[in-house]
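Encoded as structure tokens, the structure appears first; notes follow it.
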Amino acid sequence: MTDQQVEPPEGVEGAVEDERIAAFWQAARGHVGFGKLDAIVGGTPEDVVPPPSWSYGDDAEAEDLLARVLDGRKTATALAVAELEQVGLELPRVGDLSIVVDGEGTPRALLRTTEVEVVPFDQVGAEHAAAEAEDDGSLEQWRVHHEESWRRVLGEAFSPSLDVMLERFELIYPTTGPTPAVD
């Protein structure tokens with residue numbers, strides 16, 4: 001249920017942790033307006049270095065969530081702010097890119113963050129629950145499922161007033177339309 005950041009290898013700071021990520025980024029970057037010539041004529045690090053990668057986990061539920069992202073049903077996710085703080089990650093920002101990998105670490109989707117909001121758990125709305133496209137899409141099921149997950153991860157730190165980061169995103173790559181021209 002919780003999003004898992006894919007870590008680079010120990011002792012290799014800032015390295016591309018997997019050739020598959022680098023190849024995926026090379027294929028996907030044209031979809032966000034980064035051209036092949038940027039790397040030759042002086043692109044910025046954002047053009048060349050792949051964005052962070054993460055997964056929904058490595059179980060059947062995680063694969064189902066990824067499938068829902070890829071088919072367009074899932075356009076949102078949520079994390080307890082305390083989870084982000086535990087692993088030293090910052091809140092995403094509008095415009096951030098990320099690569100979602102499957103349970104085996106294969107990159108499958110490039111996402112762009114379109115909205116970020118922090119609200120107490122008990123104030124998450126039905127629209128967000130539906131955008132997460134989990135279970136039956138209802139707010140009631142969203143609360144049951146997420147409370148169960150966060151109680152497992154956070155223990156006594158869970159409460160109805162727990163700060164939750166709600167993120168909306170758009171699928172940038174792969175797409176079903178034509179690939180945009182790249183330089």
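Take Asp71 and apply the salt bridge (Lys or Arg N to Asp or Glu O under 4.0 Å) test, not counting sequence neighbours, and it matches Arg73. In this view, Glu148 and Arg152 satisfy the salt bridge (Lys or Arg N to Asp or Glu O under 4.0 Å) rule, not counting sequence neighbours. Partners of Asp64 by salt bridge (Lys or Arg N to Asp or Glu O under 4.0 Å), not counting sequence neighbours, listed by chain and number: Arg68. When the side-chain contact (heavy atoms from CB on, under 4.5 Å) test is applied to Glu127, the partners found at least two apart in sequence or on another chain are Arg168. With sequence neighbours excluded, no residue forms a salt bridge (Lys or Arg N to Asp or Glu O under 4.0 Å) with Glu115.
Note: Glu63 CD to Ser55 OG = 8.5 Å, rounded to the nearest 0.5 Å.
The nearest pair of heavy atoms linking Glu83 to Trp150 is OE1-NE1, 2.7 Å. For Tyr56 against Leu66, the heavy-atom pair with the smallest separation is CD1-N, 4.1 Å. Contact between Leu139 and Val124 at its shortest, heavy atoms only, is CD1-O, 3.4 Å. The minimum heavy-atom distance between Met165 and Val116, with the atom names listed, is CG-CG1, 4.0 Å. Heavy atoms only, all atoms of each residue included: Pro174 and Ala109 are closest at CD-CA, 4.1 Å. The minimum heavy-atom distance linking Phe24 with Leu110 is given by the pair CZ-N, 3.8 Å.
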Quiz prompt | side-chain contact (heavy atoms from CB on, under 4.5 Å) between Glu167 and Thr77, worked out | solution = CA-CA 5 Å; Glu167 179 182 12; Thr77 195; 3.6 Å; yes
Quiz item: Checking side chain to side chain donor-acceptor pair (under 3.5 Å) for the pair Thr114/Glu170: CA distance, chi angles, key distance, verdict?
Solution: CA-CA 7 Å; Thr114 58; Glu170 62 180 334; over 6 Å; no
Practice problem: Report the C-alpha distance between His146 and Trp142 in whole Å, list the side-chain angles of each, state the deciding distance to 0.1 Å, and finish with yes or no for side chain to side chain donor-acceptor pair (under 3.5 Å). | Solution: CA-CA 6 Å; His146 284 74; Trp142 184 94; 3.3 Å; yes
Exercise. Show your reasoning for whether side-chain contact (heavy atoms from CB on, under 4.5 Å) applies to Thr106 and Val101.
Key: CA-CA 5 Å; Thr106 302; Val101 299; 6.0 Å; no
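Side-chain N or O atoms of Gln141 include none that pairs as donor or acceptor with a backbone N or O of Ser138 at under 3.5 Å. Under the 3.5 Å distance criterion, the side-chain polar atoms of Arg143 are matched with a main-chain donor or acceptor of Asp122.
If you run side-chain contact (heavy atoms from CB on, under 4.5 Å) between Leu79 and each of Val164, Val153, Leu84, Asp163, only Leu84 comes through. The residue from Ile172, Val69, Ile99 that alone fulfils the side-chain contact (heavy atoms from CB on, under 4.5 Å) condition with Leu111 is Val69.
Residue Gln86 places its CD atom among more than 12 non-hydrogen atoms of other residues, nucleotides or ligands, all under 6.0 Å distant.
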Donor-acceptor contacts under 3.5 Å from residues 87-97 side chains, at least two apart:
| residue | atom | partner | partner atom | Å |
| --- | --- | --- | --- | --- |
| Asp96 | OD2 | Arg93 | N | 2.8 |

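Ser159 is not listed as a side-chain neighbour of Phe121, based on a closest heavy-atom distance of 4.5 Å or more.
There is no side-chain donor-acceptor pair under 3.5 Å between His145 and Glu132.
Note on Phe169: it clusters hydrophobically with Leu70, by side-chain heavy-atom contacts below 4.5 Å among ILVMFWY residues.
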